[in-house]
Student: 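Could you have a look at this structure, given as structure tokens, before my questions?
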Amino acid sequence: YQRRVHGKRKEEKMKQTLRELVQSEENRTCMDCPTKSPQYVVLNFNTFVCSDCAAHHRNLQHRVKGISMSQFTDDEIKSMKSGGNGKAAKIWRANWRQQSFPLPREGDEKKKKKKKKKKSTLR
């Protein structure tokens with residue numbers, strides 16, 4: 001019984017850590033589009049994304065988890081603490097230019113898909 005209670009407390013503490021991370025300034029918006037309040041993480045890149053972008057990442061075989069509906073390991077939480085959308089943007093958008101490849105507007109699915117496809121080929 002104590003193990004189960006301790007495990008639930010630890011799990012809730014991890015989710016609370018993720019909720020705090022997603023509320024930080026750099027993570028309040030989806031990494032891949034302007035949607036506010038992302039509810040998913042992409043573990044491959046340690047980024048926070050919206051549900052539409054999470055679906056695109058899943059289609060690319062990336063590891064995606066819902067913040068409120070998944071269990072996370074200590075290592076995953078540690079990676080998310082050291083990552084985030086700000087750090088990822090410095091890496092993945094280092095050579096990106098708005099005028100040549102604009103970010104999609106919220107709800108603009110065609111541009112999101114095109115951006116994801118192009119981003120996956122940049123690696």
Side-chain angles (χ1 to χ4, degrees):
Y1 174 76
Q2 282 186 337
R3 281 186 186 173
R4 195 169 59 213
V5 170
H6 176 70
K8 285 222 179 254
R9 284 186 192 144
K10 184 176 181 179
E11 185 179 322
E12 188 52 43
K13 186 176 180 179
M14 288 181 176
K15 286 184 183 183
Q16 181 60 35
T17 298
L18 284 173
R19 284 191 286 268
E20 289 169 6
L21 287 171
V22 80
Q23 290 173 4
S24 72
E25 186 65 36
E26 69 176 14
N27 298 324
R28 284 186 187 163
T29 303
C30 175
M31 174 65 191
D32 298 327
C33 78
T35 302
K36 305 267 189 247
S37 303
Q39 297 297 313
Y40 294 84
V41 298
V42 181
L43 295 168
N44 303 71
F45 308 112
N46 301 320
T47 57
F48 295 90
V49 297
C50 68
S51 59
D52 289 337
C53 292
H56 295 297
H57 280 280
R58 281 190 192 100
N59 287 337
L60 295 170
Q61 304 300 309
H62 297 159
R63 290 192 61 224
V64 177
K65 286 187 173 184
I67 293 171
S68 63
M69 56 195 121
S70 300
Q71 291 184 346
F72 292 84
T73 66
D74 290 332
D75 287 340
E76 289 169 341
I77 297 294
K78 188 176 180 181
S79 293
M80 292 307 296
K81 282 181 177 179
S82 67
N85 294 358
K87 288 182 182 177
K90 288 177 185 173
I91 295 166
W92 297 106
R93 294 185 186 152
N95 297 317
W96 169 79
R97 300 291 174 258
Q98 173 74 20
Q99 62 273 21
S100 60
F101 199 76
L103 281 175
R105 292 186 310 261
E106 192 169 355
D108 191 347
E109 293 306 310
K110 288 181 183 178
K111 284 187 182 177
K112 282 184 191 181
K113 287 178 184 178
K114 186 176 176 183
K115 181 177 182 279
K116 295 283 186 300
K117 190 172 186 177
K118 183 167 182 153
K119 185 175 165 183
S120 68
T121 61
L122 293 175
R123 284 182 226 127

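Starting from 1, each residue takes its place in the sequence as its number.
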Student: Where is the tightest heavy-atom contact between Cys33 and Cys53, given as atom of each residue plus distance?
Tutor: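 Looks like SG-SG, 3.8 Å.
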Student: Taking all non-hydrogen atoms of both residues, which atom of Asn46 and which atom of Leu43 are closest, and how far apart?
Tutor: OD1-O, 3.3 Å
Student: Anything under 3.5 Å between a donor and an acceptor, one on a side chain of residues 83-90, the other on a protein residue two or more places apart or in another chain? List them.
Tutor:
{"from": "Asn85", "atom 1": "OD1", "to": "Phe48", "atom 2": "N", "distance (Å)": "2.7"}
{"from": "Asn85", "atom 1": "ND2", "to": "Thr29", "atom 2": "O", "distance (Å)": "2.9"}
{"from": "Asn85", "atom 1": "ND2", "to": "Phe48", "atom 2": "O", "distance (Å)": "3.2"}
{"from": "Lys87", "atom 1": "NZ", "to": "Ser82", "atom 2": "O", "distance (Å)": "3.0"}

Student: For Glu26, check side-chain hydrogen bond (donor to acceptor under 3.5 Å, both in side chains) against everything at least two apart and list the hits.
Tutor: none
Student: So, are Glu12 and Lys8 salt-bridged, with charged N and O less than 4.0 Å apart?
Tutor: no
Student: For Ser70, give me all partners under side-chain contact (heavy atoms from CB on, under 4.5 Å), at least two apart in sequence or on another chain.
Tutor: Lys65, Phe72
Student: Does a side-chain heavy-atom distance below 4.5 Å link Met14 with Thr73?
Tutor: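 No, their side chains stay 4.5 Å or more apart.
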Student: Arg58: which residues meet the salt bridge (Lys or Arg N to Asp or Glu O under 4.0 Å) condition with it, sequence neighbours left out?
Tutor: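 Salt bridge (Lys or Arg N to Asp or Glu O under 4.0 Å) check on Arg58 returns nothing, list empty.
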Student: With clusters defined by side-chain heavy atoms of hydrophobic residues (ILVMFWY) lying less than 4.5 Å apart, directly or transitively, does Val49 cluster with Val22?
Tutor: no
Student: Could you pull out all residues at least two apart from Thr17 that satisfy side-chain contact (heavy atoms from CB on, under 4.5 Å)?
Tutor: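 Testing Thr17 for side-chain contact (heavy atoms from CB on, under 4.5 Å), a comparison that skips the adjacent residues, returns Leu21, Ile77, Lys81.
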Student: With side-chain contact (heavy atoms from CB on, under 4.5 Å) as the test, would you mind laying out the steps for Asp32 and His57 before giving the verdict?
Tutor: CA-CA 10 Å; Asp32 298 327; His57 280 280; 2.6 Å; yes
Student: Taking a hydrophobic cluster as the set of Ile, Leu, Val, Met, Phe, Trp and Tyr residues connected by side-chain heavy atoms closer than 4.5 Å, whether directly or through intermediates, do Val64 and Met31 fall within one such cluster?
Tutor: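 Yes, same cluster.
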Student: Could you walk me through whether Thr35 and Asp52 pass the side-chain contact (heavy atoms from CB on, under 4.5 Å) check?
Tutor: CA-CA 9 Å; Thr35 302; Asp52 289 337; 5.8 Å; no
Student: Taking side-chain contact (heavy atoms from CB on, under 4.5 Å) as the definition, give me every residue that meets it alongside Glu25, ordered by chain and number, with sequence neighbours left out.
Tutor: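 Partners of Glu25 under the side-chain contact (heavy atoms from CB on, under 4.5 Å) test: Arg28.
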Student: With sequence neighbours left out, write down each residue that passes side-chain hydrogen bond (donor to acceptor under 3.5 Å, both in side chains) with Ser24, or none if nothing qualifies.
Tutor: Asn27
Student: For Gln71, does the CD atom sit with more than 12 other heavy atoms under 6.0 Å from it, leaving out its own atoms?
Tutor: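 Open: at most 12 neighbouring heavy atoms sit under 6.0 Å from CD of Gln71.
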Student: Asp74: which residues meet the salt bridge (Lys or Arg N to Asp or Glu O under 4.0 Å) condition with it, sequence neighbours left out?
Tutor: Lys10
Student: Of all residues at least two apart in sequence or in a different chain, which pass the side-chain contact (heavy atoms from CB on, under 4.5 Å) check with Asn44?
Tutor: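 Once residues adjacent in sequence are excluded, the partners of Asn44 under the side-chain contact (heavy atoms from CB on, under 4.5 Å) criterion are Val42, His62, Arg63.
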Student: Treating Ile, Leu, Val, Met, Phe, Trp and Tyr as nodes and any side-chain heavy-atom pair under 4.5 angstrom as an edge, say whether Phe45 and Ile91 lie in one connected cluster.
Tutor: yes
Student: Not counting sequence neighbours, which residues clear side-chain hydrogen bond (donor to acceptor under 3.5 Å, both in side chains) with Gln39? List them please.
Tutor: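 Counting only residues at least two positions away or on another chain, Gln39 forms no side-chain hydrogen bond (donor to acceptor under 3.5 Å, both in side chains).
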Student: Among residues at least two apart in sequence or on other chains, which ones pass side-chain hydrogen bond (donor to acceptor under 3.5 Å, both in side chains) with Gln23?
Tutor: none
